[in-house]
There are 2 protein chains.
Amino acid sequence: MAVPERGPRERMVFSAAQLIRRDGVSSTGMRDVAAHARAPRGSLQHYFPGGKEQLVNEAVGWAGRYAGNRVARFLAALPEPTPGALFALMVRQWTDEYETHGFGGGCPVAAATVDRAGSADSTREAASAAFTGWTGAVARALADMGVPAERSAPLATLMISSLEGAILIARAERSVRALTTVARELGPLLDAALPGAGSGPSPGAAPGSDAFLLE
Amino acid sequence: MAVPERGPRERMVFSAAQLIRRDGVSSTGMRDVAAHARAPRGSLQHYFPGGKEQLVNEAVGWAGRYAGNRVARFLAALPEPTPGALFALMVRQWTDEYETHGFGGGCPVAAATVDRAGSADSTREAASAAFTGWTGAVARALADMGVPAERSAPLATLMISSLEGAILIARAERSVRALTTVARELGPLLDAALPGAGSGPSPGAAPGSDAFLLE
DNA sequence: CCGCTACTATGACAGCGGTCATAGACGTCA
DNA sequence: TGACGTCTATGACCGCTGTCATAGTAGCGG
């Protein structure tokens, strides 16, 4: 909500992402997008001559860029950045939304993947690019923290996989349990990838370091 | 494929799960389900008077039970079961499918969650129950291996979250990379939860134990 | 005022999808 | 045989959706 004061085109892309992440791609109609963006219906065919597929692809791309930028902002907000703390922030973004706005929405990239990966190849590629960009941003953040180069990309993939899966489970259960669980379980493992750490703290029983406990 | 020789009703539930995991819930038509199950169209309203919602819910329930039973079978197939080896098998089920049958399908429970969680509450509950049953089966398996009771459920949630997310990414990328990555990264952490393990092996560099290397 | 481009406004269309209504086939039991 | 319950068969309906066609408006340079 609070549609920003951008042009109608950008508003429609933004609204498409919003509606897709709530209802899925197939259940989101073009008319709904225009109405949600308070944009004239006639503008759809003007700005998106490629039809729904183009609109969906741009929405997915927008979401991917948003997620990537968000990682950079998270990194900047951390006083002393560690991988586990970054992951806790990524998870917290979702727990905060679910606790204040309800469990209405998921990840638009996941939605696009689930019901277009098998039918619209361009959308599948858009989703792939979104995941790649997001993973790259996380991997760069990890590398900045000192995680060895050959470990940063795999760990980024693990973080995003766990987050996406936990989002799914959280929506189904209408509970943030899965999200807080993965943050708590994965945090110690992630911090153990830092060069300073020996074999790392005993996982799941990190004493004193409660950066993984959201709330 | 190879629709088993059950009754038409069961065939339709099975076919619904197949089609949902490939195309999503909204893009799967009732007529498609009947055709795929080689069942008469008229039987739909006879066996599923609750309409599409009932059919989808039963398909989700079927998938949840299937996943749970599969865990038990995995456990039985392991000569010396460890959490990491179980996870490797769960992941391998998907890499095998993707490498031999292509990236056409995902998890039907995930598909149902993505595009019905916000509209059909009964379907959301069915998905929640499926996740709960599946997680319970994994948690019991972990407990049987000797994982402490209070750690088995959180670890099961972590395993399923990572798997679901990796499935999403794998489909988008048309590559099993994300799947093999989460198996390799998570394996050592999971095995470290066994009582025998001290602080566990240095994650990601477990020497000799290549149970996490699929292929 | 003309011409041009950018954008908006509607109505129509063709297709599909879930559901309903109705009726037929088939076996079983009285 | 006839009634009954189970299952199958099919056509119709209605609402929705993406898309197209057509026309209108606004602003602007000339």
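Residue numbers begin at 1 in each chain, while the letters A, B, ... track the order of the sequences. Please read all numbers here as calculations on a predicted model, not as lab measurements.
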With distance as the sole criterion, is a donor-acceptor pair present between the side chains of A:Glu53 and A:Thr123 under 3.5 Å? no

Do B:Ser122 and B:Asn57 have side-chain atoms, one donor and one acceptor, less than 3.5 Å apart? yes

Closest approach of A:Glu164 and B:Gly165, non-hydrogen atoms and distance? CB-CA, 4.0 Å

When you check the gap from the basic side-chain N to the acidic O, do A:Arg21 and A:Glu97 get nearer than 4.0 Å? yes

Separation of D:dG5 atom P from B:Tyr47 atom OH, nearest Å, is 17 Å

Under 3.5 Å, is there a donor-acceptor pair between the side chain of A:Arg11 and the main chain of A:Ala37? yes

Letter by letter from the 5' end, nucleotides 11-18 of chain D scores (B base, S sugar-phosphate only, - none; protein heavy atoms under 4.0 Å) BB----BB

Short N-O contact, A:Glu58 and A:Arg9, less than 4.0 angstrom: yes

Do the side chains of A:Thr28 and A:Arg22 get nearer than 4.5 Å, heavy atoms only? no

Taking for each residue the nucleotide of DNA chain D bearing the nearest heavy atom, is the 5' side occupied by A:Gly50 or by B:His46? B:His46

N-O pairing of A:Arg124 and B:Glu173 below 4.0 Å: no

Reading DNA chain C 5' to 3', which nucleotide is the first, and which the last, to come under 4.0 Å of any heavy atom in chain B? C:dG17 to C:dA21

